[in-house]
Amino acid sequence: MSRVAGDQAPPDRGTDSDMGAVIDLAGQALQLELAYLVTTEGKATVRVRGELDIATADQAYAYLRDVVDSQEGPVTMNLSELTFCDAAGLGVLARVAAHARRSGRSLELTGARPALLKIMAITGMDETFPEISNPALSFISLPRQAAITRLG
């Protein structure tokens, strides 16, 4: 059984606020921590820490959707502390992006680790989040080839 602890109402706009939720699975070690900060300019940044996977996906989506809905300005998700993301986690990112688009809001990702960038490029999710494009990953789009060189 999972629960969200520490979930709070969205902050008042116009003040620096830090709100968060911890998704804890039946007393196990921390799986996923989500927190967001809203600046006086109305920019919200969500910190994603831990594992975004099938066990945390539903609660994470609900939290992220609520953050997007509570903001009039842009929302940025900082993924620099995301240690694991499976297919369900990628689905959360895609669903939150689609919800933001339908709501006429801006959602961007920052700080994604190379492994996450790679899987996003392979699955085509990098097109949903063009701000994460990384020239170092351009090799992914090249066809795989093997070359045999004979010495001698």
**Prompt:** Got a donor-acceptor contact below 3.5 angstrom from the Asp86 side chain to the Ile54 backbone?
**Reply:** yes
**Message:** I'd like to check Arg47 versus Glu33 (side-chain heavy atoms, cut-off strictly below 4.5 Å). Are they in contact?
**Reply:** yes
**Item:** From OH (Tyr63) to CG (Leu34), nearest 0.5 Å
**Value:** 6.0 Å
**Message:** Return the OG1 to CE distance between Thr110 and Met77, rounded to the nearest 0.5 Å.
**Reply:** 9.0 Å
**Prompt:** Which residue, Leu32, Thr56, Thr83, forms the side-chain contact (heavy atoms from CB on, under 4.5 Å) with Glu51?
**Reply:** Thr83
**Message:** Counting C-beta onward and ignoring hydrogens, is there a side-chain heavy-atom pair between Arg101 and Thr128 closer than 4.5 Å?
**Reply:** yes
**Message:** For the OG1 atom of Thr45 and the CD atom of Gln71, what is their distance to the nearest 0.5 Å?
**Reply:** 9.5 Å
**Request:** Would you give the length of the straight line joining atom CG of Leu93 to atom CG of Leu116, rounded to the nearest 0.5 angstrom?
**Result:** 7.0 Å
**Asked** When clusters are formed by joining ILVMFWY residues with side-chain heavy atoms under 4.5 Å apart, either directly or through shared neighbours, do Ile119 and Val48 land in the same one?
**Response** yes
**Complete:** All heavy atoms of Arg105 vs all of Asp69, minimum pair found to be NH2-O, 3.7 Å
**Prompt:** Which atom pair, heavy atoms only, marks the closest approach of Gly111 to Asn78?
**Reply:** CA-OD1, 4.4 Å
**Item:** Leu52 side chain reached by Leu79 side chain, heavy atoms, under 4.5 Å
**Value:** no
**Asked** Just one of Val96, Val75, Leu107 clears the side-chain contact (heavy atoms from CB on, under 4.5 Å) bar with Val67, so which one?
**Response** Val75
**Prompt:** Is the closest side-chain heavy-atom distance between Leu90 and Cys85 below 4.5 Å?
**Reply:** yes
**Fill in**
Minimal heavy-atom distance between Gln31 and Asp53, with the atoms involved, is OE1-OD2, 4.3 Å
